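When reading the values below, keep in mind they use all heavy atoms of this one structure, side chains included, and skip hydrogens, waters and symmetry mates. All values derive from a computational prediction rather than experimental measurement. Counting starts at 1 for both ligands and their atoms, following the listed order.
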Amino acid sequence: MATYETLDLKDKVVLITGASAGIGEACAHRMAEAGAKLILIARRVAKLEQIKEDIEKAYEGAKVHIIKFDVKDLDKIGELKAGLPEEFSKVHILVNNAGVALGTPPAHENPIEDVQTMLQTNVSSVMAFVSTFAPGMVERNAGHIVNISSIAGHEAYPGGSVYCATKHAIDAYTTAMRHDLVGTNIRVTAISPGAVRTEFTLVRFGQDAEREDTFYKGFTPLNARDIADNVMYCCTRPSHVQIGDIIIYATKQSSAKSIAKNE
Ligand code: NAP
């Protein structure tokens, strides 16, 4: 007998937003490896198709349902749920991962379209996915909501006004939701990573690969698999254990702007 019994995710339905790259993709692999049934959501459907193929090849019997969807389409999340095939219809774990940072302008120079995109993608969509999928969890008295937040939800830094505001909102929302659901068996978790090298910074820097490369030079950042490992840790704890938040830094990072680089 094992010295500590963890939770078996076999056949649990896991919905991951932003699953076409980075942390979401890495979570998909780990969840599939654990035998979960996956609903993967993102806008780039070709990437999702490739990930589905890779997962089905790698993990025997894997079940993957992909959906091309823009999480900013808040009004269509109900339709998305209604259209799920029966065997994917009871979502047990919701990983709210889709998120974006756009640029690093000072607060007074933020383009309003970017403000809207970040608020809708990082905040409103998370709330809408919860409003759509958590009632079923409450009805079944089982489930887990994992919000991918950031160290930007715990500190604010110059050039990150809107992004930090969105992740602070997720921090407050996650905590309030945990209070709201405290009488149920539903667990509520935030994961708050520091610098993770994914497509995230390329997107933030407007696809400027040189600037992105410079940002990660001189230290070893986290990678998507590190964060997927945190998600797996939280989801596989025994059912009486609820991880509130994991704050994870690269070893050479101690805050958003404190990174020790050996140049
Ligand atoms: P990434 O590699 O850029 O992946 C972002 C994912 O979100 C992609 O799959 C993207 O898919 C999806 N996405 C973005 N906008 C979307 C939309 N409107 N509708 C549907 N999907 C959308 O970034 P990542 O690092 O994995 O980021 C994942 C999460 O981690 C985000 O919430 C981010 O804020 C958080 N985080 C990242 C870091 C970091 O340093 N990387 C640090 C802390 C927290 P499509 O483009 O195909 O739609």
Open item on the list: Can you tell me which portion of Ser149 lies within the under-4.0 Å heavy-atom range of ligand 1? Options are side chain, backbone, both, or neither.
Closed with: backbone

Task: Electrostatic pair Arg178-Asp245, nearest N-O below 4.0 angstrom - done: no

Task: Heavy atom of the protein closest to atom 36 (N) of ligand 1 (residue, atom name, distance) - done: Tyr163 OH, 3.7 Å

Open item on the list: Keeping Thr121 on the side-chain end and Met118 on the backbone end, is there a donor-acceptor pair under 3.5 Å?
Closed with: no

- [ ] Check Ile227, Val126, Val146, Ile23 against Asn97 for a side chain to side chain contact (heavy atoms under 4.5 Å, CB included) and give me the one that passes.
- [x] Ile23

Open item on the list: Considering Ile16, Asn223, Thr121, Val196 one by one, which has a heavy atom nearer to atom 41 (N) of ligand 1 than any of the others?
Closed with: Val196

- [ ] Quick one: look up the protein heavy atom nearest atom 26 (O) of ligand 1 and list residue, atom name and how far away it is.
- [x] Ile23 N, 2.8 Å

Open item on the list: Under a 4.0 Å threshold between the charged nitrogen and the carboxylate oxygen, would Glu25 count as salt-bridged to Lys47?
Closed with: no

Open item on the list: Apply salt bridge (charged side-chain N to carboxylate O under 4.0 Å, His left out) to residues Arg197 and Asp213 and explain how you reach the verdict.
Closed with: CA-CA 10 Å; Arg197 193 164 193 178; Asp213 205 47; 3.0 Å; yes

- [ ] Please report which non-hydrogen protein atom sits nearest to atom 25 (O) of ligand 1, along with the residue it belongs to and the distance in Å to one decimal place.
- [x] Thr198 OG1, 2.6 Å

Open item on the list: Salt bridge check, Asp8 against Lys10: does any charged N sit closer than 4.0 Å to a carboxylate O?
Closed with: no

Task: Lys/Arg N to Asp/Glu carboxylate O, Asp11 vs Lys37, below 4.0 Å - done: no

Open item on the list: I'd like to know if the side chain of Ser131 reaches the main chain of Ala128, judged simply by a donor and an acceptor atom lying under 3.5 Å from each other, with no hydrogens or angles considered.
Closed with: no

Task: atom 3 (O) of ligand 1 [closest protein heavy-atom partner, distance rounded to 0.1 Å] - done: Phe200 N, 3.3 Å

Open item on the list: For atom 48 (O) of ligand 1, tell me which residue out of Arg43, Lys72, Lys47, Lys167 has the closest non-hydrogen atom.
Closed with: Arg43

- [ ] State the atoms of ligand 1, each with its element, that fall below the 4.0 Å cut-off from a heavy-atom position in Ala21.
- [x] 2 (O), 9 (O)

- [ ] Please determine if Lys261 forms a cation-pi arrangement with Phe215, meaning its NZ or CZ atom is less than 6.0 Å from the six-membered ring centre and no more than 45° off the ring axis.
- [x] yes

TODO: Using a strict cut-off of less than 4.0 Å between a Lys/Arg side-chain nitrogen and an Asp/Glu carboxylate oxygen, indicate whether Lys167 and Asp171 qualify as a salt bridge.
DONE: no

Open item on the list: Suppose I only count heavy atoms of Ile148 and a 4.0 Å limit; which atoms of ligand 1 are within that range?
Closed with: 29 (C), 30 (O), 32 (O), 35 (C)

Open item on the list: Checking contacts here: is it the side chain or the backbone of Ala19 that comes within 4.0 Å of ligand 1, counting heavy atoms only? Could be both or neither.
Closed with: backbone

Task: Minimum-distance protein heavy atom relative to atom 12 (C) of ligand 1 - done: Gly18 CA, 3.4 Å

TODO: Return the residue, atom name and 0.1 Å-rounded distance of the protein heavy atom closest to atom 32 (O) of ligand 1.
DONE: Asn97 O, 2.7 Å

Open item on the list: Could you tell me, atom by atom, which parts of ligand 1 come under 4.0 Å of a heavy atom of Asp70?
Closed with: 17 (C), 18 (N), 19 (N)

Open item on the list: Regarding atom 42 (C) of ligand 1: of the candidates Ala28, Gly194, Gly22, which has the closest heavy atom?
Closed with: Gly194

Task: Per-atom contacts, ligand 1 versus Phe69 - under 4.0 Å to a heavy atom - done: 19 (N), 20 (C)

TODO: Among all protein heavy atoms, pick out the one at the shortest distance from atom 43 (C) of ligand 1; state its residue, atom name and that distance to 0.1 Å.
DONE: Pro193 O, 3.2 Å

- [ ] Identify which of Val100, Val71, Ile248 has a heavy atom lying nearest to atom 19 (N) of ligand 1.
- [x] Val71

TODO: Would you please determine whether Thr17 falls within less than 4.0 Å of ligand 1 on a heavy-atom basis?
DONE: no

TODO: Could you tell me whether Glu49 and Lys52 make a salt bridge, using a distance below 4.0 angstrom between a side-chain N and a carboxylate O?
DONE: no

Task: Heavy-atom nearest neighbour of atom 9 (O) of ligand 1 within options Ser20, Ala195, Ala42 - done: Ser20

Open item on the list: Exactly one of Val95, Thr189, Ile93 should register a side chain to side chain contact (heavy atoms under 4.5 Å, CB included) with Cys235. Which one does?
Closed with: Ile93

Open item on the list: Among all protein heavy atoms in this structure, tell me which lies nearest to atom 22 (C) of ligand 1, with the distance rounded to 0.1 Å.
Closed with: Ala98 CB, 3.8 Å

